[in-house]
Amino acid sequence: MDIHIVSSIDSSEFTHLTRTLSKSTVIGLDAEWKPVRSQRSTFPTVTLLQLACQIGDDSAGWDESVVFLLDLSSLPLPSIWELIKDVLVSPDILKLGFKFKQDLIYLSSTFRAQGGNPGFDKVEPYMDITNIYRFLQHKQGKKTSKDTKSLSAICEEILGLHLSKELQCSDWSHRPLTEEQIRYAATDAHCLLGIFKIFQAKVIKEGEFEVVCHQFPCGNRIGFLLKTSGPPFITGPLFNHVNEQHQSNVSLGLKGILEMPDCENKLVGRKFCNALDIVQATASSEECERIARGVEVIRKTKPMDESLWKIVRQYGEKLFLRESDRNPKASRRKGKRRSSVVVCEEKQLENYGDWQGPPPWDISLGGDGCPKFLCDVMVEGLAKHLRCVGVDAAVPHSRKPEPRELIDQAYKEKRVLLTRDAKLLRHQYLIKNQIYRVNNLLKNEQLLEVIEVFQLKISEDQLMSRCTKCNGRFIQKPLTVEEAIEAAKGFQKIPNCLFDKNLEFWQCMDCNQLYWEVVYFLFSLIL
């Protein structure tokens, strides 16, 4: 993944952006803004716009894409408004997004507030990843849930890629962005291309559409006309033949060109190019030059290939903003003043997040002395990190547990509940010294925080003694390569490059997941 930060219209990165956009036919869209903690009468200000551009034909891998991070807090928004608008409405570029309507509302509001009138009101052609995911689920014979899965969950299932969302609520207005924020923002847009690539391959393989192509002569060349519900899409040598004649079009005049017979609708693209030659030849005023440049950009946009056009024709959507979307919806509680008691209670909750101990596993309380934690969904990634250092770290039994379910599980299993949800601290009276609010956002920093706060002693023997997948224990005796291959049959694939390295393997006693000592070595280095 090639990442470029664009913070000036005079930079080489901006030039690279404009050139890449002209060659891209699929773009993943995403936006970031500083989280709003309270009710406001205005929309949040978007400070970062991500564009993941797929370059090349269908055979190109999605990992070959280029991701541009547009720093909207540094760029003059009126100067890039037209460029962004052209991308959002270009018929030659398929836009991908994950629930992008909210992003579009905030993006439009940001541009309008800073002179980029009238903002943006539509994206087309567009495909939402949620609809792509439902299609893939349907093809696999799985029942689609009414609840929309998160992008992280979809990536995990479709791409096998863990997409951490721990930086989603970080301060995106602060500059410079951290390396973790840059990687997070780029990956959020980049993964959309990967999901679409799998969808595209599935549709093409199963022949989910039908398109009729007609051949027609053009001198000694052959062109192809794609029959669609929209304007004809011309491919093949005809397009090159059209361009060869543009020098003679200037003398014909705009009226003459536009009155030329369509000749079975084959030459719409040619008439457009010929009209462009007239505009460029006669442009004398600044406005005419602007029009000529704008038309030229459209002309240079790489057209979609046939397979992509067919997918857009059948599955493409249009994302529109209504007038009511342009104004923040008034809260029902608007005007209701918060009492000093509520404010005082929230401040007390913040203080309750400090650990006071002792933990439930303490020997003085009848515990076994072995630390045990329960990580809620907000710090679920921390559970895997704790398991890597041999700490017993469970996760909730259900995907969307109620607070009382978490409290009951922590109490019955004598665990400390780790969370970032300050509201859970209100239940401290139910399980004393069994809830701790984690302060850090990054998993590595969260791990160090928990080790320090609870004074955990981590030895080398503990490293990778637990399964990071299910929290189970490993079989004590290491497996040989032959035993590991037999255990992995029909369950897990072992890379061929490991067979000749005389490695030892370990297997989880609960879920049968296999691990090898390369992982052990890497985690030893990290710690």
Side-chain angles (χ1 to χ4, degrees), residues 1-33 46-97 100 103-104 107 110-111 114 116 120 123 125-126 172-173 175-197 276 289-290 292-305 308:
M1 179 171 55
D2 191 11
I3 304 175
H4 296 270
I5 300 178
V6 183
S7 56
S8 171
I9 59 175
D10 299 321
S11 63
S12 58
E13 287 82 3
F14 186 79
T15 303
H16 186 27
L17 167 66
T18 55
R19 290 176 179 173
T20 303
L21 291 176
S22 67
K23 296 183 289 184
S24 303
T25 53
V26 182
I27 291 180
L29 299 171
D30 194 25
E32 307 293 346
W33 53 86
V46 176
T47 56
L48 195 71
L49 176 64
Q50 302 103 283
L51 303 176
C53 305
Q54 178 66 60
I55 301 177
D57 54 20
D58 288 344
S59 61
W62 66 280
D63 54 341
E64 299 176 14
S65 63
V66 183
V67 183
F68 293 94
L69 307 182
L70 277 63
D71 186 358
L72 301 186
S73 62
S74 301
L75 290 166
L77 300 194
S79 300
I80 64 170
W81 172 79
E82 190 168 2
L83 173 67
I84 302 301
K85 178 178 177 295
D86 289 344
V87 170
L88 296 181
V89 300
S90 171
D92 293 327
I93 302 176
L94 171 62
K95 277 71 65 174
L96 306 174
F100 191 70
D103 299 55
L104 182 63
L107 186 66
T110 300
F111 271 78
Q114 300 187 33
F120 312 104
V123 179
Y126 170 77
W172 290 97
S173 64
R175 294 295 182 271
L177 296 173
T178 65
E179 288 295 327
E180 291 81 6
Q181 284 180 310
I182 292 172
R183 175 64 57 177
Y184 168 88
T187 305
D188 244 17
H190 180 244
C191 68
L192 304 180
L193 298 178
I195 297 172
F196 174 75
K197 204 71 179 177
L276 169 63
E289 289 176 2
R290 187 191 67 79
R293 284 197 303 270
V295 175
E296 186 176 10
V297 170
I298 298 173
R299 179 184 179 180
K300 289 183 178 179
T301 301
K302 179 182 177 180
M304 293 182 184
D305 59 42
L308 181 57

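Hydrogens, waters and symmetry mates are skipped; everything else that's a heavy atom, side chains included, is used.
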Requested in this report: Compute whether any side-chain donor of one residue and acceptor of the other, for Asp2 and His4, lie under 3.5 angstrom apart.
Outcome: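 Result is yes, a qualifying pair exists.
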Mind checking the [atom1]-[atom2] spacing from [X] to [Y]? Nearest 0.5 Å is all I need.
X	Y	atom1	atom2	result
Ile5	Ile3	CD1	CD1	8.0 Å
Asp30	Leu49	CG	CG	8.5 Å
Ser73	Trp33	OG	CH2	15.5 Å
Phe68	Thr18	CZ	OG1	8.5 Å
Leu69	Glu13	CG	CD	11.0 Å
Leu75	Ile84	CG	CD1	8.5 Å

Between [X] and [Y] (side chain of the first, backbone of the second, donor and acceptor by atom type, cut-off under 3.5 Å), is there such a pair?
X	Y	answer
Gln114	Phe111	no
Gln54	Ser65	no
Lys95	Ser90	yes
Ser24	Val26	no
Thr110	Val46	yes

Student check: side-chain heavy atoms of [X] and [Y] closer than 4.5 Å:
X	Y	answer
Ile27	Leu96	no
Asp71	Val6	no
Leu51	Val67	no
Leu72	Leu48	no
His16	Val66	yes

Of all the heavy-atom pairs spanning [X] and [Y], show the shortest one and how long it is.
X	Y	value
Thr25	Met304	CG2-CA, 4.0 Å
Ala31	Asp103	N-OD2, 3.3 Å
Ala52	Leu193	O-CD1, 3.7 Å
Leu192	Leu29	CD1-O, 3.5 Å
Cys53	Thr20	CB-CG2, 3.8 Å

**Report entry** Pair Val89-Val123, side-chain contact (heavy atoms from CB on, under 4.5 Å): steps then yes or no
**Finding:** CA-CA 5 Å; Val89 300; Val123 179; over 6 Å; no
**Report entry** side-chain contact (heavy atoms from CB on, under 4.5 Å) between Leu177 and Trp172, intermediate numbers included
**Finding:** CA-CA 7 Å; Leu177 296 173; Trp172 290 97; 4.0 Å; yes
**Report entry** Flag if over 12 foreign heavy atoms under 6.0 Å of CZ, Arg175
**Finding:** yes
Report task. Mind running side-chain contact (heavy atoms from CB on, under 4.5 Å) on Leu70 and Gln50 for me, showing each step along the way? Result -> CA-CA 6 Å; Leu70 277 63; Gln50 302 103 283; over 6 Å; no
Requested in this report: Would you check, one step at a time, whether the test side-chain contact (heavy atoms from CB on, under 4.5 Å) holds for Glu82 with Asp86?
Outcome: CA-CA 6 Å; Glu82 190 168 2; Asp86 289 344; 3.9 Å; yes
